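Here the structure is a predicted model, which means the values were calculated and not measured.
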Amino acid sequence: MNSPKIAFLSQCLILFFGCCLIFFTSATVSVDAKIVFRVDDDIFVMNDDGTGRRRLTQNTTTKDSYPRWSPDGRKIAFHRYMDKEKIQTSSELFIMNADGTHPQRLTHNNVADANPSWSPDDQHIAFTSLRGGKLDVFVIEVASRTVTQLTGIEDAKEQSAAPDWSPDGRQITFERFIPTAGINPKTIYVMSADGQHQRPVLLDPPIGDAPIMRFFPRWSADGQRVLFSEVRWLKKGDAKDLIVQRIGGGKQRITDINDRLGNNWMIAGACWMENDRAVLFSLMLKDKANPNYNLYRYTFETRGLKRLTRDSSDEKWPDWTEGALSVSPHGKLSTQWGEIKERTK
């Protein structure tokens, strides 16, 4: 008489434990490290080894670029050109869930708002904007959409761009244009998160026949170093490097890239990965037939260089995260940007 009930209960237990197994398996998968990047007009994600490639946005009249993971790996910020046929007229800031759902528009200007960078508490985003008539760094509070200008307030000639928030939330690094009569060189600056104490990370490049441009600085996870790309415009051809600059210390050029790929290349975005043990970047070999950007990974310990993608499309602006609920707390404090600003008043 009880055998049908026992059989039913047994099946329920099997189903319950099966669901638990699926849940924990899926939870494990969800915290795997992921790469977010742009392919042509849209945002994609994939695993560290180049597998699991998945498209998050699908544009027909607009164009997405410069995706950045939130520190907890749950959201992605990016800028969207509102008319991809005239991409220089307007770009706006957006955020969406890590799976591409629930996109939200943060800014509404007929100017360029671009290059988002999350604060460690996920509450603010630093970005570049032309809303003041020139390039400057601003901060937007995600919840209220309140915008605060950080650079170019005291000197109308200054132009700044491409901010990146430090892991402890106390500083922001960014590009600073150096006004000259000819081509304006660019170098890397750092400032307090409220815009105070703006200063160079390294000496300004010399003004001469070979202008130096330094691009898109990114903080290391330990908050001690800044990664950026550098181009020296020489008469015999451009000289390009990926550089790691220690705050208050020396500079390291990653020469293995040049040794293995030559010097005829261009980079579109570089970032740290695996708690500073490796670097992820987008590179195009200009001397190849039908050149396009692909993603590469460089590991410091082994000096290994690995190509992750071989698609015919342009793959740019990669960013790396450890995954949802698995962001390393190393070097990160709970200090919020608003608290820092309040203390400086």
Would you check if the side chain of H79 reaches a backbone N or O of N115 as a donor-acceptor pair within less than 3.5 Å? yes
Donor on one side chain, acceptor on other, S129 and R131, under 3.5 Å: yes
Row check, Y189 ring normal vs R176 NZ/CZ: under 6.0 Å, within 45°: yes
Any donor-acceptor pair under 3.5 Å linking the side chain of R199 with the backbone of H197? yes
E274/R297 ion pair, N-O < 4.0 Å: yes
Taking C-beta and beyond as the side chain, do F127 and I140 meet within less than 4.5 Å on heavy atoms? yes
Within-4.5 Å side-chain heavy-atom neighbours: M273 and E322: no
Mind checking the CG-CG spacing from D136 to L130? Nearest 0.5 Å is all I need. 9.0 Å
Got K286 and M284 here, is their nearest side-chain heavy-atom distance under 4.5 Å? yes
Working to the nearest 0.5 Å, report the span between NZ of K306 and CG of L295. 12.5 Å
Would you check if L285 and P291 make a side-chain contact, meaning some heavy-atom pair closer than 4.5 Å? no
How about L202 and I188: do any of their side-chain heavy atoms sit closer than 4.5 Å? yes
Using 30° and 60° as the class boundaries, would you call the ring planes of F216 and Y66 parallel, tilted or perpendicular? tilted
May I ask you to decide if L135's main-chain N or O and Q159's side chain share a donor-acceptor pair within less than 3.5 Å? yes
Please work out whether the ring planes of F281 and Y296 are parallel, tilted or perpendicular, with thresholds of 30° and 60°. parallel
Do I35 and N47 have side-chain heavy atoms sitting under 4.5 Å apart? no
Any donor-acceptor N/O pair, N97 side chain to D99 backbone, under 3.5 Å: no
Using only atom types and a distance under 3.5 Å, with no angle test, would you say the side chain of S166 pairs donor to acceptor with the backbone of Q171? yes
Specify the closest pair of heavy atoms between S313 and N292, including all atoms of both residues, with the distance to one decimal. O-ND2, 3.0 Å
Using modelled atom types only, decide if a donor and an acceptor are shared between the side chain of W118 and the backbone of R68 within a distance under 3.5 Å. yes
To the nearest 0.5 Å, tell me how far E141 CD sits from L106 CG. 11.5 Å
Contact between T107 and F138 at the side-chain level, heavy atoms closer than 4.5 Å - yes or no? no
Answer yes if the side chains of D64 and N59 hold a donor-acceptor pair under 3.5 Å, and no otherwise. yes
Hey, does the side chain of T151 reach the backbone of V137 with a donor-acceptor pair shorter than 3.5 angstrom? yes
W165 and S117 have their tightest heavy-atom pair at N-OG, 3.0 Å
Which pair of non-hydrogen atoms, one from R303 and one from D256, has the smallest distance, and what is that distance? NH2-OD1, 2.6 Å
Side-chain donor/acceptor of R307 to backbone N/O of T309, under 3.5 Å: yes
Would you compute the distance between atom CG of D168 and atom OG of S119 and round it to the nearest 0.5 angstrom? 12.0 Å
Basic-acidic side-chain contact under 4.0 Å: E230, K186: no
Evaluate the side-chain proximity of I243 to Q252: yes if any heavy-atom separation is below 4.5 Å, no if none is. no
I need the S91 OG to M82 CE distance, nearest 0.5 Å. 9.5 Å
Closest heavy-atom contact between A98 and W69? CB-CZ3, 3.8 Å
Drop me the distance from N275's CG to S220's OG, to the nearest 0.5 angstrom. 10.0 Å
Could you report the tightest heavy-atom contact between P318 and A268, atom names first, then the distance? CD-O, 3.9 Å
Going by atom types alone, do N258 and N263 pair a side-chain donor with an acceptor below 3.5 Å? yes
Is there a donor-acceptor contact under 3.5 Å from the side chain of T128 to the main chain of A162? yes
Six-ring centre of F94, R80 cation under 6.0 angstrom, axis tolerance 45°: yes
Could you verify whether a donor N or O on one side chain and an acceptor N or O on the other, from D48 and W320, lie under 3.5 Å apart? yes
D276 and A221 have their tightest heavy-atom pair at OD1-N, 2.7 Å
When you check the gap from the basic side-chain N to the acidic O, do R38 and D40 get nearer than 4.0 Å? no
Are the side chain of R53 and the backbone N or O of G50 linked by a donor-acceptor pair below 3.5 Å? no
